[in-house]
Amino acid sequence: MKKLIFAINTTLDGVVDHMKIAPPDQETGQYFIRLTRDADTFLYGRKTYQLMVPYWPDRAKNPSDEFARAFDAVDKIIVFSRSLDKAEGEKTRIVRTGLHDEVLKLKQEQGKNIMTGGVTLASQLAALGLIDEYHFAVHPIIAGEGRRLFEGIDLQEKLQLKLLGSKVFRSGVVVLHFVRH
């Protein structure tokens, strides 16, 4: 059974707006490259999808951009959106309804992990209990404003996580790796 992995960069005050966080240092970048290489499917909402595609596939044309190449090597991208009219490229499929059932079906497929990021879709997936692992790259920054991690999440009960490990990088970034308890 595939695992659904949620990975995101965040500030100390929970801001996940990519414009508020400096580009990743080499260690953080390598961490995300490894996670991406261990996945064959991405799940995105419309906003995150439009941020990632076509940006990363275009960057993959540069052979020295390891993350872009890892991103571009993923087999499929599933976008959960009611408003996105069309998808970029052959790998992308738009799903308009049935988040819970669609994710359960994807998890039953053979292959590598499923990866997700962003705020809205990740909050919905967490509330449905579908995320198996959480990877938070906490940057030593207090942004003060911006979109926050799990903003607007609607939990029926507290989500209990178990810390599997942590890594401290020279830049001060701390990666926390959790699983559902």
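Quick note: residue numbers are just sequence positions, from 1.
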Any donor-acceptor pair under 3.5 Å linking the side-chain atoms of R147 with those of T120? yes
Hydrophobic clusters here meaning ILVMFWY residues chained together by side-chain heavy-atom distances under 4.5 Å, can you tell me if L12 and L149 are in one? yes
Evaluate the side-chain proximity of E66 to R37: yes if any heavy-atom separation is below 4.5 Å, no if none is. yes
Can I get a per-line list of side-chain donor-acceptor pairs under 3.5 Å for residues 133-142, giving both atom names and the distance, sequence neighbours left out?
| residue | atom | partner | partner atom | Å |
| --- | --- | --- | --- | --- |
| E133 | OE1 | H135 | NE2 | 3.2 |
| E133 | OE1 | H177 | NE2 | 2.8 |
| E133 | OE2 | K3 | NZ | 2.7 |
| H135 | ND1 | Y31 | OH | 2.6 |
| H135 | NE2 | H177 | NE2 | 3.4 |
| H139 | NE2 | N9 | OD1 | 2.7 |

Out of V103, T41, L43, which one pairs with T116 under the side chain to side chain contact (heavy atoms under 4.5 Å, CB included) rule? L43
Set out, in order, the CA-CA distance, both residues' side-chain angles and the distance that settles salt bridge (charged side-chain N to carboxylate O under 4.0 Å, His left out) for K76 and E90, then state yes or no. CA-CA 8 Å; K76 59 185 159 187; E90 303 166 3; over 6 Å; no
Considering all heavy atoms of both residues, which atom of A127 and which atom of D154 are nearest to each other, and what is their separation? CB-O, 3.3 Å
Within one Ile-Leu-Val-Met-Phe-Trp-Tyr cluster: V95 and I114, side-chain cutoff 4.5 Å: yes
Would you kindly confirm whether I21 and F32 end up in one hydrophobic cluster when ILVMFWY residues are joined by side chain heavy atoms under 4.5 Å apart? no
How about T92 and V79: do any of their side-chain heavy atoms sit closer than 4.5 Å? yes
Using a 6.0 Å cut-off, check whether atom NZ of K91 has over 12 heavy atoms from anything other than its own residue. yes
Atom CE of residue position M1 - does it have more than 12 heavy atoms of other residues, nucleotides or ligands inside 6.0 Å? yes
Electrostatic pair R170-D25, nearest N-O below 4.0 angstrom: no
Decide side-chain contact (heavy atoms from CB on, under 4.5 Å) for S83 and R46; before the verdict, give the C-alpha distance in whole Å, the side-chain angles of both, and the deciding distance to 0.1 Å. CA-CA 8 Å; S83 61; R46 179 189 56 79; 3.2 Å; yes
Look only at the side chain of K107 and the backbone of L4, and say whether a donor-acceptor pair between them is shorter than 3.5 Å. no
L130 with V119, same ILVMFWY side-chain cluster at under 4.5 Å: yes
Donor-acceptor side-chain pairing of S81 and R96 below 3.5 angstrom: no
Hey, quick one: are L35 and I33 part of the same hydrophobic cluster, counting side-chain heavy atoms closer than 4.5 Å, chains of contacts allowed? yes
Passes side-chain contact (heavy atoms from CB on, under 4.5 Å), Q124 versus H100? Steps please. CA-CA 9 Å; Q124 293 169 3; H100 184 266; over 6 Å; no
Are K2 and D40 within salt-bridge range, i.e. N to O under 4.0 Å? yes
Closest heavy-atom contact between F150 and A122? CE2-O, 4.1 Å
Exercise: identify the closest heavy-atom pair between D72 and P57: OD1-CB, 3.6 Å
If you apply the rule side-chain contact (heavy atoms from CB on, under 4.5 Å), what do you find for T10 with V15, and how did you get there? CA-CA 5 Å; T10 182; V15 173; 5.7 Å; no
Is there side-chain contact between L51 and H18, with at least one heavy-atom pair below 4.5 Å? yes
Flag side-chain contact, heavy atom, 4.5 Å: D132 against R180: yes
In terms of side-chain heavy atoms, does R34 have a donor or acceptor partner in Q30 at a distance below 3.5 Å? no
Set out, in order, the CA-CA distance, both residues' side-chain angles and the distance that settles side-chain contact (heavy atoms from CB on, under 4.5 Å) for K112 and V74, then state yes or no. CA-CA 10 Å; K112 297 179 180 180; V74 167; over 6 Å; no
So, do F6 and F178 have ring centers that fall under 6.0 Å from each other? no
Going by heavy atoms in the side chains, are T48 and L121 under 4.5 Å from each other? no
For the student: nearest non-hydrogen atoms of A87 and I94, plus distance: N-CD1, 3.8 Å
dist L128:CG -> L104:CG (nearest 0.5 Å) comes out at 9.0 Å
Considering non-hydrogen atoms only, spot the tightest contact between P24 and G29 and give its length. CB-N, 4.0 Å
Between S171 and T28, the two heavy atoms sitting closest are OG-OG1, 4.4 Å
Does a side-chain heavy-atom distance below 4.5 Å link L161 with H181? no
Look at K167 together with E27 and state whether they make a salt bridge at an N to O cut-off of under 4.0 Å. no
Test item: I77 and Y49 side chains (from C-beta on) under 4.5 Å apart, heavy atoms: yes
Within the side chain of R148, is there an N or O that forms a donor-acceptor pair under 3.5 Å with the backbone of D13? yes
Less than 4.5 Å apart, side chain to side chain, heavy atoms only: is that true for W56 and F67? yes
Establish, yes or no, whether a centroid distance under 6.0 Å links the rings of F42 and F71. yes
